[in-house]
K.L.:
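Pasting in a structure now, in structure tokens, and then I'll have a few things to ask.
Letters A, B, ... are given to chains in the order of the sequence lines, protein chains preceding strands, and every chain is numbered from 1. What you see below is based on every heavy atom in this structure, not just the backbone, and it leaves out hydrogens, waters and symmetry mates.
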Number of protein chains: 2
Amino acid sequence: MTKTGNRSSSAVEDYLERIQELIETKGYARVVDIAGSLGISQASVTNMVKRLDAEGFVRHEKYRGLVLTEEGESIAKAIGKRHRILTDFLNLLGVASAEVERDVEGMEHHLSADSLEAIESLCRELSSNPELLLRIKRSERESK
Amino acid sequence: MTKTGNRSSSAVEDYLERIQELIETKGYARVVDIAGSLGISQASVTNMVKRLDAEGFVRHEKYRGLVLTEEGESIAKAIGKRHRILTDFLNLLGVASAEVERDVEGMEHHLSADSLEAIESLCRELSSNPELLLRIKRSERESK
DNA sequence: TAAATAAATTAGCCAAGGCTAATTTTCATG
DNA sequence: CATGAAAATTAGCCTTGGCTAATTTATTTA
Ligand SMILES: [Mn+2]
Ligand SMILES: [Mn+2]
Ligand SMILES: [Mn+2]
Ligand SMILES: [Mn+2]
């Protein structure tokens with residue numbers, strides 16, 4: 001049986017998610033890019049990359065490039081999906097962009113598959129129901 | 001002006017929330033109670049209590065009791081509210097209890113006031129709209 | 001009230017995940 | 001193709017927040 005229960009830390013998830021995005025958009029993910037993009041020092045990124053390699057999430061040749069393994073990519077995709085669904089959700093509710101960004105970046109690491117699916121369905125419903133969204137936003141303005 | 005921007009760590013918030021709950025339900029919060037309730041060693045709790053005292057969130061006399069300051073209580077109340085609203089939300093969506101517990105315990109530390117209010121309004125709306133909830137749950141079952 | 005038990009604290013340890021400064025390797029460019 | 005700049009790594013440090021084992025203080029009970 002494949003070991004499947006190993007939850008990754010928030011930091012590991014953030015790194016993998018960002019590495020995947022960089023590869024997707026630029027074709028590669030250098031230490032310097034990851035560092036800039038996460039707002040972290042290059043030294044810290046080098047350390048983490050070493051760890052991600054040791055744990056089998058990336059393959060890394062010193063002073064050379066960086067590639068996601070199957071497992072690393074699968075985690076990256078999963079966290080990316082959680083990120084998108086939560087972003088979608090808070091955007092639908094009309095939360096301001098800067099706050100959506102911060103909230104999602106934290107919450108995405110604490111969502112079970114069930115909660116994720118429930119919120120996904122909720123978003124589908126909300127999207128196709130603009131009057132409902134209006135009622136919610138009105139109710140928000142009243143309560144403050 | 002009062003310093004108001006000092007975000008507390010997740011750990012600090014969890015401790016304060018639990019201390020407040022213990023005081024509310026048992027009248028006091030001993031180190032041993034906090035430890036048992038958070039699943040953490042007594043030694044670790046003693047350390048954190050020292051820190052919470054140093055930072056002005058509790059007042060603590062060695063080998064004696066523990067009391068929340070105004071500021072500590074205010075943080076505890078705020079995190080308690082986030083906890084309740086998120087719990088409410090996931091319960092409404094029909095997520096299983098054990099998962100609700102875990103998810104909420106993590107997510108509650110990453111919710112801005114705006115997101116919180118939006119979700120609160122959403123819950124009001126969902127509560128008074130059982131057919132909507134049904135549609136969401138149906139849509140959930142389909143999609144899996 | 002003395003002894004046993006419970007609670008709290010201290011001492012010393014560890015891993016995660018950051019940082020800066022110094023060094024090494026690679027790359028670009030004249 | 002030599003050299004300066006850019007990228008990456010290493011070394012050494014720090015804080016947070018856990019842990020166990022040993023000790024100290026408070027409380028209960030015989
Ligand atoms: Mn994140
Ligand atoms: Mn993310
Ligand atoms: Mn929590
Ligand atoms: Mn909580």
Side-chain angles (χ1 to χ4, degrees), chain A residues 5-19 22-23 25-68 72 75-76 79 102 105-106 108-110, chain B residues 6-19 22-23 26-68 72 75-76 79 102 105-106 108-110:
Chain A
N6 298 16
R7 299 242 42 196
S8 304
S9 72
S10 299
V12 166
E13 290 184 338
D14 281 337
Y15 273 94
L16 293 176
E17 183 187 12
R18 198 54 57 93
I19 288 168
L22 285 168
I23 289 176
T25 65
K26 318 184 42 167
Y28 56 85
R30 292 179 307 173
V31 166
V32 70
D33 301 316
I34 302 168
S37 162
L38 287 177
I40 276 174
S41 75
Q42 288 179 219
S44 297
V45 171
T46 294
N47 270 339
M48 179 58 92
V49 163
K50 208 180 303 179
R51 213 184 106 192
L52 294 176
D53 185 304
E55 295 182 10
F57 300 137
V58 307
R59 273 181 305 108
H60 176 226
E61 293 177 71
K62 264 197 191 176
Y63 292 104
R64 292 295 178 173
L66 194 56
V67 157
L68 284 168
I75 295 176
I79 176 70
R102 261 206 321 281
E105 208 45 67
E108 64 185 359
H109 310 288
H110 307 277
Chain B
N6 299 17
R7 300 241 43 192
S8 304
S9 72
S10 298
V12 165
E13 289 184 338
D14 282 337
Y15 273 93
L16 292 176
E17 182 186 11
R18 198 55 56 94
I19 289 168
L22 285 168
I23 289 176
K26 317 184 44 168
Y28 55 84
R30 293 179 306 173
V31 166
V32 70
D33 301 316
I34 302 168
S37 162
L38 287 177
I40 275 174
S41 75
Q42 288 180 218
S44 298
V45 172
T46 294
N47 270 338
M48 179 58 93
V49 163
K50 208 181 304 180
R51 213 185 107 191
L52 294 176
D53 185 305
E55 295 184 9
F57 299 137
V58 307
R59 271 182 304 110
H60 177 226
E61 292 177 75
K62 264 196 191 177
Y63 292 104
R64 292 298 177 169
L66 192 56
V67 156
L68 285 168
I75 294 175
I79 177 70
R102 261 207 321 280
E105 209 44 66
E108 64 184 359
H109 310 287
H110 305 278

K.L.:
For B/Tyr15, which of B/Val49, B/Val58, B/Ile75, B/Leu38 qualifies under side-chain contact (heavy atoms from CB on, under 4.5 Å)?
P.N.:
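Answer after filtering B/Val49, B/Val58, B/Ile75, B/Leu38: B/Leu38.
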K.L.:
Please report the distance, rounded to the nearest Å, between NE2 in A/His60 and C1' in D/dA8.
P.N.:
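That distance rounds to 8 Å.
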K.L.:
Could you tell me whether the side chain of A/Gln42 has a donor or acceptor atom within less than 3.5 Å of a complementary atom in the base of D/dA8?
P.N.:
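Side chain to base: pair found, below 3.5 Å.
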K.L.:
Measure from CG on B/Asp14 to P on D/dT16 and round the result to the nearest Å.
P.N.:
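B/Asp14 atom CG is separated from D/dT16 atom P by 17 Å.
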K.L.:
Taking CD1 from A/Ile34 and P from C/dG18, how many angstroms apart are they, rounded to a whole number?
P.N.:
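Those two atoms, CD1 and P, are 13 Å apart.
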K.L.:
For A/His109 and B/His110, what are the C-alpha separation, side-chain angles and deciding distance, and is it a ring-ring contact (aromatic ring centres under 6.0 Å, His included)?
P.N.:
CA-CA 10 Å; A/His109 310 288; B/His110 305 278; 7.7 Å; no
K.L.:
Should B/Ser9 be listed as having a side-chain N or O under 4.0 Å from OP1 or OP2 of D/dT16?
P.N.:
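Checking D/dT16 against B/Ser9, no side-chain N or O comes under 4.0 Å of OP1 or OP2.
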K.L.:
From the list C/dG18, D/dA11, C/dA8, which nucleotide is the closest neighbour of the side chain of B/Tyr63?
P.N.:
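The closest nucleotide is C/dA8.
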K.L.:
Any side-chain N or O of A/Arg30 below 4.0 angstrom from OP1/OP2 of D/dT9?
P.N.:
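Negative; the distance criterion is not met.
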K.L.:
How long is the span from the CD atom in B/Glu61 to the CG atom in B/Asp53, to the nearest 0.5 Å?
P.N.:
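So the gap between those two atoms works out to 9.5 Å.
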K.L.:
I need the CE-P distance between A/Met48 and C/dA15, as an integer number of Å.
P.N.:
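Roughly 15 Å, once rounded to whole Å.
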K.L.:
Report the distance from atom NE2 of A/His109 to atom P of C/dA16, rounded to the nearest whole Å.
P.N.:
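Value for this atom pair: 17 Å.
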K.L.:
Taking only side-chain N and O atoms of B/Lys50, does any of them lie within less than 4.0 angstrom of OP1 or OP2 on C/dT10?
P.N.:
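Affirmative; the distance criterion is met.
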K.L.:
Of all the nucleotides listed (C/dA8, D/dT20, D/dC19), which has the minimum atom distance to the side chain of B/Ser44?
P.N.:
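Minimum distance to the B/Ser44 side chain belongs to D/dC19.
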K.L.:
Looking at D/dA21, C/dT26, C/dT20, which one has an atom nearest to any side-chain atom of A/Ala43?
P.N.:
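Looking only at heavy atoms from C-beta outward on A/Ala43, the closest nucleotide is C/dT20.
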K.L.:
In whole Å, what is the span from the CZ atom of B/Arg64 to the C1' atom of C/dA6?
P.N.:
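That distance rounds to 14 Å.
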K.L.:
Is any side-chain nitrogen or oxygen of A/Tyr15 closer than 4.0 Å to OP1 or OP2 of C/dA16?
P.N.:
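For C/dA16, OP1/OP2 do not have a side-chain N/O of A/Tyr15 under 4.0 Å.
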K.L.:
Among the nucleotides C/dG18, C/dT9, D/dT10, which one has an atom lying closest to any side-chain atom of B/Thr46?
P.N.:
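Looking only at side-chain atoms, B/Thr46 lies closest to C/dT9.
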K.L.:
Which of these nucleotides, D/dA8, D/dT20, C/dA8, is closest to any side-chain atom of B/Val31?
P.N.:
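For the B/Val31 side chain, the nearest candidate turns out to be C/dA8.
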K.L.:
Using whole Å, what does the distance between atom C1' of nucleotide D/dT15 and atom CG of B/Asn47 come to?
P.N.:
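In whole Å, D/dT15 C1' lies 13 Å from B/Asn47 CG.
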K.L.:
What heavy-atom pair brings B/Ile34 and B/Leu66 nearest, and what distance separates the two atoms?
P.N.:
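Scanning both residues, the minimum pair turns out to be CD1-CD2, 3.6 Å.
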K.L.:
Any side-chain N or O of A/Lys62 under 4.0 Å from OP1/OP2 of C/dT26?
P.N.:
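So the side-chain polar atoms of A/Lys62 never come under 4.0 Å of the phosphate oxygens OP1 or OP2 of C/dT26.
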K.L.:
Which listed nucleotide (D/dA21, C/dT20, D/dG18) is nearest to the side chain of B/Ile40?
P.N.:
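Nearest nucleotide to the side chain: D/dG18.
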K.L.:
Which atom names give the shortest non-hydrogen contact between B/Ala29 and B/Asp33, and what distance separates them?
P.N.:
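Closest pair (atom of B/Ala29, atom of B/Asp33, distance): C-OD2, 4.3 Å.
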K.L.:
By nearest heavy atom, map A/Gly39 and B/Glu61 onto DNA chain C; which one lands nearer the 5' end?
P.N.:
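The residue whose closest nucleotide sits nearer the 5' end is B/Glu61.
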